[in-house]
Amino acid sequence: MLEGILYRVVSRADNAATVCLLPESSIYKAHFPAYPVTPGVTLVQMALELMGRKLTGARDIKFIVPVQPAADGPELRYSWSYKDDTTADVMLCLADGTLCAKMTLSVQ
Amino acid sequence: MNPFCSIPVCDLLPQQPPFRFVDVLEDYTDGAARIRFTPDEGKNLLMEDGCLSAVGLMEHMAQCSAVRSGYVNRFVLNLPVKIGYIGQFRKLRFTRLPKAGETLETTVFLREQVNNISLVDAEVRIGGELIATASLKSALKED
Amino acid sequence: MNIDEIYEKVNEFLIEDLEIDESKISGDARLKEDLGIDSLEVVDVVVLVEEQFNFKMKPEDFKNLITLDDFCKFIEAQVA
């Protein structure tokens with residue numbers, strides 16, 4: 001679980017959530033020393049935790065812009081929809097609407 | 001001793017524990033690298049219920065790609081090792097998740113490289129059994 | 001290979017591999033702005049061209065290719 005380690009939840013809705021990154025996280029010291037960047041896979045892990053699902057595969061996950069920690073987090077906005085019971089389309093944006101990642105995940 | 005194994009893995013990629021998911025480069029031939037990794041609950045994040053999580057498996061594959069390009073940059077092109085970003089994951093499939101203590105042998109093959117973006121195919125095996133595959137693109141940070 | 005065959009293969013790639021909405025695809029569609037082919041997709045395009053048309057594109061080749069028509073005509077010139 002990355003909640004509390006990399007991020008905290010700011011708000012939740014049915015198919016959306018806003019989180020705030022924790023810039024002091026030990027993950028940033030490891031990735032990378034002197035140049036902190038949120039690891040792309042943790043953006044996927046956060047989505048899974050917010051949806052309450054486990055990953056069973058992925059058709060396409062695109063990381064569009066790197067997400068670097070900042071004094072204000074920053075806040076990230078997740079939104080998702082289910083194509084069917086086991087396929088989720090997820091979008092991740094910054095507060096200003098910049099699209100950071102787009103995912104089509106197989107989940108259970 | 002295999003000459004690749006004697007290269008400290010920190011010379012091949014900038015990630016550090018507890019967010020490092022590779023142990024040793026075992027071989028590099030014709031654009032393909034083979035990497036060994038044993039998930040350890042004491043050393044690695046992204047572990048769940050005594051196994052490397054699916055997301056941890058993805059990170060392992062991405063770091064294998066980083067080791068491959070780190071080796072090429074450092075030992076073939078004599079350039080410094082660079083920070084890399086995952087650009088894309090496609091067709092991630094796995095039959096099971098590795099347990100802590102199991103040894104993964106992962107091969108990453110370079111399929112194409114355009115400017116600073118590499119496309120590799122990754123195959124993860126445990127004891128010779130293929131357990132996961134994916135196609136991924138990584139971009140090296142430009143200075 | 002004639003230009004129609006080239007369009008067919010390229011369209012198949014755009015729809016099947018890149019999963020681009022068929023309604024967005026037309027000859028004057030701009031590769032980047034309309035079809036979303038950015039630096040990550042360019043790698044897939046290079047793979048497509050090598051596998052389907054047997055030549056290797058260079059990054060510089062993309063500079064003058066703005067629309068889908070430009071791209072297909074470029075391929076036609078290379079395979080002629």
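Here is the naming used below: chain letters follow the sequence lines, and residue numbers restart at 1 for every chain.
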message = Counting only heavy atoms not in B:Arg96 (residues, nucleotides, ligands), do more than 12 fall under 6.0 Å from its CZ?
response = yes
Heavy-atom neighbours of B:Lys141 NZ exceed 12 at 6.0 Å = yes
message = To the closest 0.5 Å, what do you measure between OG1 (A:Thr104) and CG (B:Leu92)?
response = 12.5 Å
Under 4.5 Å from any heavy atom of chain A - which part of B:Lys137 = neither
ask   = Measuring heavy-atom distances to chain A, does B:Leu46 have an atom under 4.5 Å in its side chain, in its backbone, in both, or in neither?
value = side chain
key: CG-NZ distance between A:Asp60 and B:Lys91, expressed to the nearest 0.5 angstrom   = 10.0 Å
Crowding at CG, B:Asn78 (>12 non-hydrogen neighbours, <6.0 Å) = yes
message = Below 4.5 Å, heavy-atom pairs only: which of B:Gln88, B:Arg20, B:Met47 has the largest tally toward chain A?
response = B:Gln88
Residue part contacting chain A, namely of B:Tyr85, when any heavy atom lies under 4.5 Å = side chain
pair A:Lys54-B:Glu48: side-chain heavy atoms closer than 4.5 Å = yes
task = Heavy-atom pairs under 4.5 Å with chain B are the metric here; pick the option from A:Ser26, A:Gly57, A:Ala101 that has the most.
result = A:Gly57
query = For B:Asp30, does the CG atom have more than 12 heavy-atom neighbours from other residues, nucleotides or ligands under 6.0 Å away?
reply = no
task = Could you please state which residues from residues 29-50 of chain A sit under 4.5 angstrom from chain B, measuring non-hydrogen atom to non-hydrogen atom, sorted by number, or 'none'?
result = A:Ala30, A:His31, A:Phe32, A:Pro33, A:Tyr35, A:Val37, A:Pro39, A:Val41, A:Thr42, A:Val44, A:Gln45, A:Leu48
ask   = Quick one: of B:Ala54, B:Ser135, B:Gly87, who has the most non-hydrogen atom pairs under 4.5 Å with chain A?
value = B:Gly87
query = What part of B:Leu45 lies closer than 4.5 angstrom to a heavy atom of chain A: side chain, backbone, both or neither?
reply = side chain
